[in-house]
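Only this structure's heavy atoms are used, side chains among them; waters, hydrogens and symmetry mates stay out. The structure displayed is predicted, hence computed values, not measured ones. Order of appearance sets the numbers: ligands from 1, and atoms from 1 within every ligand. Residue indices begin at 1 and follow the sequence shown.
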Amino acid sequence: MNSLSLDLFTDAIDLVAVLLLALGLKGLSKVRSARTANGLAALAMGLAVVGLLIQLQPSPITWLWIAVGSALGGLAGVLTAQRVPMTAMPEVVALFNGCGGMASLLVAVGVALFASQDSGMVELVSIAISVFVGAITFSGSIVAMAKLQGWLDTPAWTQSSLRHGVNIGLALLCLLAAVQIPAHPAGWPLWLLVGASSLLGIGVTLPIGGADMPVVISLLNSYSGVAAAAAGFVVGSQLLIVAGAMVGAAGLILTQVMCTAMNRSLVSVLFGGALGAAGGSVGGGGSEAGYTRITSCSPEECAMALEQAERVVFVPGYGLAVAQAQHALRELAKLLEAHGVEVSYAIHPVAGRMPGHMNVLLAEADVPYEQLVEMDIINPEFPRTDVVIVLGANDVVNPDAKSDPSSPLYGMPVLEVEQARQVFVVKRSLGAGYAGIANALFELPQTAMVFGDAKAVLNGLLSELRSLGVGKAGAKEKVAA
Ligand code: NAP
């Protein structure tokens with residue numbers, strides 16, 4: 001194959017890869033198509049690597065490096081994906097973002113070290129951008145992962161204005177190094193930029209509370225795309241530029257969507273300090289004081305209400321993921337459906353600890369996609385709902401978000417479960433959720449608390465319903481009754 005047809009061939013591969021990537025990103029917006037979309041995106045990445053290898057025509061030694069690197073990286077990826085529990089997915093995403101940032105950083109450093117007199121200004125500026133964004137993404141993502149994992153606390157000094165001074169100082173150092181890179185590509189400015197940007201990534205991420213970390217991870221995901229796009233300019237890969245730009249834009253949109261759904265501005269997340277960090281951001285908790293009109297009931301009473309209901313809505317939250325109760329929930333839903341009950345699941349955009357957390361969790365238990373109903377669609381349905389079961393959710397059903405201007409949640413769209421005839425809230429205590437505040441829903445007359453671990457309560461409900469004979473005679477018996 002001559003060089004012209006080789007170029008055309010690799011361009012065609014790149015084009016197909018970009019189209020597949022775009023289709024993959026589009027498909028990820030729907031639960032039903034997400035699995036296929038993931039496969040398409042993976043295929044796009046595979047094609048991109050093949051196209052690049054054809055273009056570069058590596059030597060046998062380079063082939064060996066590529067083969068060993070791909071095998072080790074692939075193995076690490078497969079083992080991580082297989083072993084990680086669903087609740088630790090944000091940490092894994094943070095780690096993968098960090099790897100993306102590091103890859104772009106290494107590519108740019110590698111090219112800078114071998115830069116020649118012929119290196120153009122675009123390439124040198126791209127090296128500076130790729131190193132800067134790549135290093136911030138890497139160190140910031142590692143800090144984010146360590147904080148979510150509980151390995152790292154928020155140091156007290158980072159909550160004072162001192163941190164702004166430190167970060168501004170580091171940013172100025174980065175600027176100084178970056179403008180010097182075109183003159184000395186492989187010299188001190190490169191290493192100064194690597195060091196100062198890495199410290200800046202730590203300095204910006206360290207003060208942010210664990211509760212805001214998923215937003216930061218989404219932003220870092222966007223940065224990893226920007227770093228990859230800059231690396232694309234460095235090595236002259238159109239595919240990397242396009243793919244990086246798409247990841248950058250998608251990450252930014254997701255960040256904005258999450259901020260809106262959490263009623264937070266990006267500025268307050270990034271510069272507002274560790275809001276929510278003490279409020280039980282990871283495992284719930286918070287104060288139980290202040291409630292005076294709590295009604296609680298046993299799984300038996302809850303089961304009796306379910307047995308009489310015609311329409312039931314489950315509201316899953318972070319606690320359901322912690323309890324790993326999705327399979328028990330699916331079993332309960334099937335039993336109720338066999339009894340003629342109409343069942344659906346109300347999905348709040350930020351229920352859980354990562355975007356799409358509840359969709360993924362319920363999909364794992366084979367809950368039919370059409371039963372997952374988004375907030376805007378299910379809210380008008382609550383007044384005609386007999387029973388709502390809130391499972392390990394708290395902030396996303398707090399009515400103060402609509403009525404109390406002094407609430408930190410005020411303005412956040414919530415699931416209006418209080419409009420249903422009866423509400424059962426399943427959780428272990430009266431402890432707060434992520435926002436660390438009390439929930440007015442718990443004291444409403446139509447609400448009863450069912451205290452306990454979500455899985456244990458669901459199993460209790462299953463055995464109570466079975467002992468009531470639910471599901472045995474089928475739907476017809478219920479309709480006739
Ligand atoms: P939440 O407000 O954090 O409440 C979770 C509740 O689950 C806690 O009150 C806890 O109460 C209960 N719980 C914990 N373990 C349990 C178990 N084993 N069994 C039963 N209950 C258990 O959760 P949410 O309503 O899902 O709201 C999510 C919050 O996270 C929102 O404030 C959102 O803004 C924030 N957030 C979400 C994302 C995202 O992308 N999804 C990102 C960042 C922040 P007990 O301790 O009493 O059991």
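Partners of Tyr223 by ring-ring contact (aromatic ring centres under 6.0 Å, His included), not counting sequence neighbours: none found.
Here atom 33 (C) of ligand 1 lies nearest to Val350 when heavy atoms of Val414, Val216, Ile217, Val350 are compared. When the options Ala401, Gly433, Gly392, Ala435 are ranked by their closest heavy atom to atom 5 (C) of ligand 1, first place goes to Gly392. With distances taken over non-hydrogen atoms, the option nearest atom 20 (C) of ligand 1 out of Ala454, Gly317, Pro349, Ala456 is Ala454.
A salt bridge is defined here as a Lys NZ or Arg NE, NH1 or NH2 lying under 4.0 Å from an Asp or Glu carboxylate O, and Lys402 with Glu418 meets this definition. At a threshold of 4.0 Å, the pair Glu337-Arg330 counts as salt-bridged, since one of the basic side-chain nitrogens sits closer than that to a carboxylate oxygen. Salt-bridge check for Arg311 with Asp386: failed, with every basic side-chain N at 4.0 Å or more from each acidic carboxylate O.
Under 4.0 Å from ligand 1, the heavy atoms of Met258 that appear belong solely to its side chain.
Listed by atom number, the atoms of ligand 1 under 4.0 Å from Ala393 heavy atoms are 25 (O). Distances below 4.0 Å separate heavy atoms of Val396 from the following atoms of ligand 1: 25 (O), 27 (O). In summary, the atoms of ligand 1 found under 4.0 Å from a heavy atom of Asp453, numbered by their order in the structure, are 17 (C), 18 (N), 19 (N). Atoms of ligand 1 found under 4.0 Å from any heavy atom of Ala351, numbered from 1 in the order shown, are 26 (O), 41 (N). If you number the atoms of ligand 1 from 1 as listed, the ones under 4.0 Å from a heavy atom of Gly431 come out as 9 (O), 47 (O).
In the model, Glu364 has a side-chain atom that pairs as donor or acceptor with a side-chain atom of Gln326 under 3.5 Å. Under the 3.5 Å distance criterion, with hydrogens and angles disregarded, a donor-acceptor pair is assigned to the side chains of Ser218 and Thr255.
Here salt bridge (charged side-chain N to carboxylate O under 4.0 Å, His left out) pairs that include residues 444-466, with residues two or more places apart or in two chains, are Glu331-Arg466.
Put simply, no part of Ala325 is less than 4.0 Å from ligand 1, judged by heavy atoms.
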